[in-house]
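Just so it is clear, the model here is predicted, and its values are computed rather than measured. Every chain is numbered from 1, with letters handed out A, B, ... down the list of sequences.
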Amino acid sequence: MIEAFQLTKSFGPRVALSEIDLSIEDGDFVTLMGPNGAGKTTLLRILATLSRPSSGRVRIAGMDPAREGERIRRCIGFLSHGTMLYDELTAEQNLRFYARLYDVPGASSRVDDLLQRVGLSERRRDKVSTLSRGLKQRLAVARAVLHGPRILLLDEPYTGLDPQAVDALTDLLVDVAGRGCLILLATHRINRGLALGRRVLVLDQGRLIYDRPRETITLRAFTEFYRGVTS
Amino acid sequence: MSFLRKLLAVINKDIAAEMHTREIISAMLVFSLLQLLIFSFALDLHAAIAETVAPGVLWATIVFAGTLGLNRSLAREQRNSCIDGLLLAPMSRSAIFFGKVAGNFLFMVLVEAALVPLFSALFGVALFRLSVLLVLGLGTLGYASVGTLMAAIAVNTRAREVMLPVLLFPLALPVLIGAVQATGGLVSGGSLVDVAAWVRVLVVYDLVITAVSLVTFGYVLEG
């Protein structure tokens, strides 16, 4: 479960997030939308414990990130704009390295399985620097879910993926969500966001201006609303 | 055990990455050898003054080459936001710090292993003594520790290549003075007892800078 109370984050005079109150239950699949600079990445980085709020509180899986950061990080998978992959290492070496950091049991078979699932078995011994943007993104997805996180935070995960990889990622997310994982997906793509999320949030200028269950939203009405926000 | 396992994972990762590219060691090695040649041509190091000048030349070479390596080592973590991958892992910030320090220390020691014989031949000073190697180790450890912390700060700035020496050299001054003085005392025929005060400076510096770095490293990385 993720809870945020009056969450505010400022970078100097610029307020990136302003008094966000949010609660997301375990197993929920939430889509987070908003124009560029709305604060999506900042919110995800705070929830991932990579950044500290300027004021307000966050609780992840019932724990306080300031006190129980290590335990919280064990539960979190985070996919951001950067792939977090070492260009100098092979695809397999990258996953094995992260498997050691997360104490993944049966690391070898887990790495083999994930490389298979993201279609990189044949390229496992290739250095990451030789992979295309799309293949790197597939490997980054594998890294994010390697340790079987209970909470998955995804920041524009479809960037750079070809249609085949988009389908594979969608299948993976549906599978992960089906096993009770909380997913918070930040995306610009209205269709995909509404297709996957069971709840939709919209951030604008650091404020949470929209929070509704998916079943109460029609594509047309939401598209009009969202165009108004982004224009 | 978990702390040690993760620390070793960070070190192994740095070694594996370096084995694939050799970008850090080769840059440090070429730079230090060129610097050494320039010094040997620029300074007329006949036996009478070699013992006086040699320690300064040796440590200047180690420091400049080490700065190159430190820059690249932390830049590697910055590329593709790999540093976020480390910070996201369920491990203490101190394991990341010690892992990076150990990697940087190892690369510097490897370069020194090539540098010292050449230096001894060019300058005619005997560096292959346990006491000199101990001073080299202590000085390098202190420099790698403070350098790793400063590189973590500099790597987030635009002009990181310039910023690192600007931040690092003033803070590294005590370890450099201690290392140069201790090395000088030893190459001019003294024993460890004769340079004990400078060795103590190195040990205290290493302990203090490691303690300060452990407290501040997490804040530096998280920004």
Is the CZ atom of A/R207 crowded by more than 12 outside heavy atoms at less than 6.0 Å? no

More than 12 heavy atoms of other groups within 6.0 Å of A/Q205 CD: no

For B/A9 and A/L101 the tightest heavy-atom approach is CB-CD2, 4.0 Å

Give me the atom names and distance for the closest heavy-atom approach of A/R100 to B/N12. NH1-ND2, 3.1 Å

Crowded around A/E70 CD? As in, over 12 foreign heavy atoms under 6.0 Å? yes

In this structure, are over 12 heavy atoms from other groups packed under 6.0 Å from A/Q6 atom CD? yes

When every non-hydrogen atom of B/L88 is compared with those of A/Y102, the smallest separation belongs to O-OH, 3.3 Å

Heavy-atom check, side chain of A/Y86 versus side chain of B/D14, under 4.5 Å: no

Taking 4.0 angstrom as the limit, do B/R76 and A/D87 come out as a salt bridge? no

As an exercise: rank B/A95, B/S81, B/A89 by heavy-atom pairs under 4.5 Å with chain A and give me the winner. B/A89

Side chain from CB out, backbone as N, CA, C, O: work out which of these in B/R22 comes under 4.5 Å of a heavy atom of chain A, or both, or neither. neither

At a heavy-atom separation under 4.5 Å, does B/E23 approach chain A through its side chain, its backbone, both, or neither? side chain

Counting heavy atoms not belonging to A/R199, are there more than 12 under 6.0 Å from its CZ? yes

A/K127 portion near chain B, given a 4.5 angstrom heavy-atom threshold: side chain

A/M84 and B/C82: which non-hydrogen atoms are nearest, and at how many Å? C-SG, 3.8 Å

Contact origin within A/R96 toward chain B - heavy atom pairs under 4.5 Å: neither

Would you mind telling me which of B/L86, B/N80, B/L87, B/I83 has the largest number of heavy-atom pairs within less than 4.5 Å of chain A? B/N80

side-chain contact (heavy atoms from CB on, under 4.5 Å) for A/D103 and B/S2? Distances and angles first, verdict last. CA-CA 8 Å; A/D103 297 317; B/S2 172; 4.0 Å; yes

Count the heavy atoms belonging to other residues, nucleotides or ligands that lie under 6.0 Å from CE of A/M63, then report whether that count exceeds 12. yes

What's the spacing between B/D84 CG and A/L79 CG if we round to 0.5 Å? 11.5 Å

Less than 4.5 Å apart, side chain to side chain, heavy atoms only: is that true for A/T90 and B/H20? yes

Does the side chain of B/P90 come within less than 4.5 Å of A/R71's, by heavy atoms? no

Verdict with reasoning, A/E88 to B/R79, per salt bridge (charged side-chain N to carboxylate O under 4.0 Å, His left out): CA-CA 11 Å; A/E88 305 84 357; B/R79 217 179 294 144; 2.6 Å; yes

